[in-house]
Structure formats: structure tokens, C-alpha cells
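Down below is the structure, laid out as C-alpha cells.
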Amino acid sequence: MDELIRNFENKMHLEGKSEKTIKIYVASVKEFFRWFNDSFGDVEFKKLYRENILEYKSYLKNVKTCKRTGQNLNAKSINAKLSALIKYNELMQPDNIVISKADLIKVQAEIISPTNITKKEVEEFRQRVLQSEGCSAKRNYAIVTIMAYAGLRISEVLHLKKVDVNTAASQIRVADGKGEKQRIVIINSKVISAIREYQRSDNVESDYLFHNSKGKILNPSTINKVFDEFSVDGYHIHPHMLRHFFCYNALESGAYSINEVSNQAGHTSIKTTLKYLNPNLEQIKKKSELL
């Protein structure tokens with residue numbers, strides 16, 4: 001099975017999949033192989049069979065539980081695992097397709113906005129990061145400001161090169177967004193000021209806008225630790241929440257149209273952007289009390 005995994009990984013590299021996607025898909029296929037071994041003992045795995053796929057899907061729906069909550073997996077989690085097997089089937093046995101997108105569980109359209117933090121909470125978080133006064137405070141402050149007020153994904157922020165940023169023109173070029181798409185993002189004065197103040201204190205030679213002390217690209221875990229440190233009891237902010245905040249705030253404030261937010265955020269489908277027109281969870285709760 002190790003050799004199968006290596007071949008699968010190599011084929012995904014050749015197909016141009018991102019390192020993050022490859023890592024997720026490999027982990028999911030390994031999980032399927034573990035289930036296969038637990039279920040069938042010493043029987044050698046040779047290929048995917050439709051019968052095994054149906055049994056595994058039933059296992060995911062009815063037996064497998066989430067380690068964090070102890071509850072059964074939700075539809076999105078199951079679909080993520082099945083999607084990895086769909087890709088494995090496509091690449092490793094293309095002449096014998098036994099699983100397809102038709103096997104994914106249908107998920108009802110989300111009626112609640114993905115964001116659940118307010119502008120006040122975002123501003124308090126940014127200020128705590130700035131006031132940390134450490135050697136990385138200005139860098140971290142610029143990073144969280146870009147995510148909150150330009151809507152970039154954490155991976156997009158960390159891969160920014162200095163040549164991608166033009167504060168004079170109020171623009172950031174995302175050279176390698178999701179799906180290898182490029183886009184130009186317009187930035188406001190908050191973002192411009194945060195970047196300029198950081199650049200004044202940055203004396204390390206590096207092609208990357210944000211980097212470690214050796215000029216190398218930052219590890220996402222470094223930024224995740226910042227979010228863990230400066231979030232407070234009652235609401236834990238993680239990087240993608242700031243992207244959600246940007247999309248919701250841009251629409252709710254009337255500053256941008258749906259198409260403009262879609263372009264700024266680099267959404268593949270405008271349906272993704274439309275989710276942010278829905279009220280958030282707290283607003284739904286308030287509405288329910290009016291009944």
C-alpha cells in the first residue's frame with residue numbers, strides 16, 4: 001500500500017495539485033486503507049471495488065465519529081474523504097471507475113453566513129496583536145490586517161513576494177491563489193499603513209514580504225500560534241475567520257457589490273459569495289426569539 005500511496009502522490013504532483021490538497025488526499029486514502037486492513041485482515045488490497053466503496057461510505061456515515069466532538073461525521077467531512085477516493089480512482093484505475101461525484105452526500109445550501117465575529121472583535125484582536133510589542137508584532141499585525149481587510153487566504157498572504165505589493169497603487173497581486181488563479185486585490189488605507197510600518201522595521205533580506213529571521217517563508221503554524229495567543233475567552237479567532245469577516249463586512253456595509261467581493265476574494269463560484277448575504281448565527285438566534 002505504501003507504493004500505491006507514493007504513486008498516487010506522484011500523479012497528483014504531475015497533475016499540478018497543491019501541496020495542501022495532496023496532503024489532505026493522501027491522508028484520506030491512508031484512512032481508507034486502514035479501514036480496509038481492519039475490515040479484511042490479511043487480504044491484500046488490489047484495487048477499488050464498488051462493494052467496498054459502499055461499505056466504507058456506510059462506515060463513515062454510521063460508525064466513524066469525530067475525535068473532537070465524539071459525534072458522527074457531518075456530510076461535508078464524509079464528502080471530503082470520498083473526494084479523495086474519487087481522485088484516487090481517476091488517477092490509479094481510470095479504466096475501472098467505481099466511485100464518482102454521484103456518491104457524495106447532498107448537502108443542503110447553508111442559510112447562515114460563515115462569519116460569526118463582529119468588527120469590534122476583529123479590531124480588538126488586531127490591537128492586541130499590535131500591542132504585543134515583540135520583534136514580530138508589526139509583521140503579525142500586517143498579516144492579520146491583510147486577511148481582515150483584503151480577504152486573502154493565509155496561504156496567499158504567506159506566499160506574497162515584495163514585488164507583489166504596490167502600496168502606492170493600493171494593490172496586491174495574488175500570484176498563486178486557490179486553483180493557481182492570479183488576481184489583483186485592492187487594499188485600503190488600513191492595509192497600506194500596516195504594510196508600510198512593517199516594511200520600515202524589516203531589515204532582513206528576503207524575496208518574501210513576510211518571512212522568518214532567516215528570510216525564509218513563514219510556516220503557517222507560526223501564524224496559528226499568534227491567533228491562539230491573542231484570541232480571548234468567548235471567541236477564538238482563527239485565520240480563515242478573518243477572510244469570512246472581510247466578505248461579510250464588505251457586503252453588509254454596502255461597500256462592495258457581490259461581483260466585486262467575488263473578485264476580491266478569488267471565489268471560484270459566485271455562489272460562494274452569495275452565502276455572505278445571509279444573516280450570521282447570532283442574527284438568526286435573535287430572529288428566532290421574535291417568533
Side-chain angles (χ1 to χ4, degrees), residues 1 4-40 45-69 71-114 153 155-156 176-183 240 243-244 247 258-259 262-263 265-278:
M1 289 184 180
L4 291 174
I5 288 292
R6 285 194 294 272
N7 289 339
F8 177 49
E9 192 171 354
N10 289 336
K11 287 178 182 290
M12 285 193 289
H13 277 296
L14 291 174
E15 198 177 58
K17 294 293 183 185
S18 69
E19 290 296 332
K20 182 178 180 181
T21 297
I22 291 173
K23 183 178 179 180
I24 293 171
Y25 277 14
V26 165
S28 292
V29 172
K30 284 183 177 179
E31 184 176 346
F32 171 78
F33 283 162
R34 284 194 295 272
W35 169 84
F36 184 92
N37 286 332
D38 291 342
S39 300
F40 308 114
F45 175 84
K46 293 186 176 181
K47 64 179 182 179
L48 294 176
Y49 286 89
R50 178 68 181 167
E51 292 82 356
N52 294 152
I53 293 298
L54 295 177
E55 289 179 25
Y56 184 60
K57 183 177 178 180
S58 177
Y59 162 79
L60 293 176
K61 290 173 64 177
N62 303 308
V63 180
K64 177 74 174 177
T65 58
C66 175
K67 290 183 179 180
R68 182 173 56 85
T69 65
Q71 298 177 338
N72 289 106
L73 300 182
N74 60 36
K76 289 184 178 180
S77 295
I78 294 172
N79 286 345
K81 297 177 186 300
L82 294 178
S83 294
L85 292 178
I86 291 172
K87 178 53 65 176
Y88 181 91
N89 197 168
E90 291 175 354
L91 295 180
M92 301 297 288
Q93 52 184 76
D95 297 329
N96 181 26
I97 299 299
V98 298
I99 179 173
S100 67
K101 290 183 179 180
D103 290 298
L104 299 179
I105 299 173
K106 291 182 173 59
V107 181
Q108 182 176 333
E110 183 64 74
I111 63 168
I112 298 176
S113 171
R153 301 173 178 89
S155 59
E156 294 172 342
D176 190 14
K178 189 175 182 179
E180 298 184 346
K181 294 182 179 179
Q182 297 188 3
R183 71 184 188 277
H240 212 67
R243 176 172 163 82
H244 288 325
C247 296
I258 295 171
N259 285 329
S262 182
N263 289 332
H267 288 154
T268 303
S269 170
I270 202 166
K271 290 181 180 179
T272 303
T273 316
L274 288 172
K275 293 189 299 183
Y276 296 97
L277 289 175
N278 297 324

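Quantities reported herein were computed from a predicted structural model and do not represent experimental measurements.
- Between the N62 side chain and the S58 main chain, a donor and an acceptor come within less than 3.5 Å of each other.
- Here the shortest heavy-atom pairing between A84 and S28 reads CB-CB, 3.4 Å.
- The side-chain contact (heavy atoms from CB on, under 4.5 Å) test with K17 is passed by exactly one of I24, I22, L91: I22.
- In this structure, CE in M92 is found 9.5 Å from CE in M12, a value given to the nearest 0.5 Å.
- Of all heavy-atom pairs spanning C247 and H267, the tightest one is SG-CE1, 3.9 Å.
- Residues I270 and S262 share a closest heavy-atom pair of CA-OG, 4.2 Å.
- Residues N74 and S77 bring a donor and an acceptor atom of their side chains to less than 3.5 Å of each other.
- To the nearest 0.5 Å, atoms OG (S18) and NZ (K23) are separated by 11.5 Å.
- Atom-to-atom distance recorded for K81:NZ and Y59:OH is 8.5 Å, nearest 0.5 angstrom.
- Remark: E9 does not engage R6 in a salt bridge, criterion side-chain N to carboxylate O under 4.0 Å.
- Annotation: side chain of Y56 is in contact with side chain of E31 (closest heavy-atom distance under 4.5 Å).
- Between F36 and F32, the ring planes are tilted. Angles from 30° to 60° get that label.
- The two residues L85 and I53 come nearest to each other via the heavy atoms CD1-CD1, 4.1 Å.
- In this structure a side-chain-to-backbone donor-acceptor pair under 3.5 Å is missing from K47 to Q93.
- Taking both residues in full, the closest heavy atoms of A75 and I105 are given as CB-CG2, 3.9 Å, listed atom of the first, atom of the second, then distance.
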- Task: Please assess Y88 against I99 for the test side-chain contact (heavy atoms from CB on, under 4.5 Å), listing each intermediate value before the final yes or no.
- Result: CA-CA 10 Å; Y88 181 91; I99 179 173; over 6 Å; no

- Report the C-alpha separation of I86 and L104 in whole Å, then their side-chain angles, then the decisive distance to 0.1 Å, and conclude whether the side-chain contact (heavy atoms from CB on, under 4.5 Å) test is met. CA-CA 10 Å; I86 291 172; L104 299 179; 4.0 Å; yes

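- Taking CZ of R183 as the start and CD of E156 as the end, the distance is 4.0 Å to the nearest 0.5 Å.
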- Task: Carefully, step by step, assess F8 and Y25 under the rule side-chain contact (heavy atoms from CB on, under 4.5 Å).
- Result: CA-CA 9 Å; F8 177 49; Y25 277 14; 4.2 Å; yes

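- Panel note: side chain D103, backbone S100; a donor-acceptor pair is recorded below 3.5 Å.
- Here NZ of K61 is found 11.0 Å from CG of N72. Values are rounded to the nearest 0.5 Å.
- Proximity of a side-chain donor or acceptor of N89 to a complementary backbone N or O of V98 within less than 3.5 Å is detected.
- The environment of NZ in K57 is crowded: more than 12 heavy-atom neighbours from other residues, nucleotides or ligands sit within 6.0 Å.
- Atom CD1 of I5 and atom CZ of F33 lie 5.0 Å apart (nearest 0.5 Å).
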- Message: Assess the residue pair T21 and K87 against the criterion (side-chain contact (heavy atoms from CB on, under 4.5 Å)); give the C-alpha distance rounded to whole Å, side-chain angles, the decisive distance to 0.1 Å, and a yes or no.
- Response: CA-CA 11 Å; T21 297; K87 178 53 65 176; over 6 Å; no

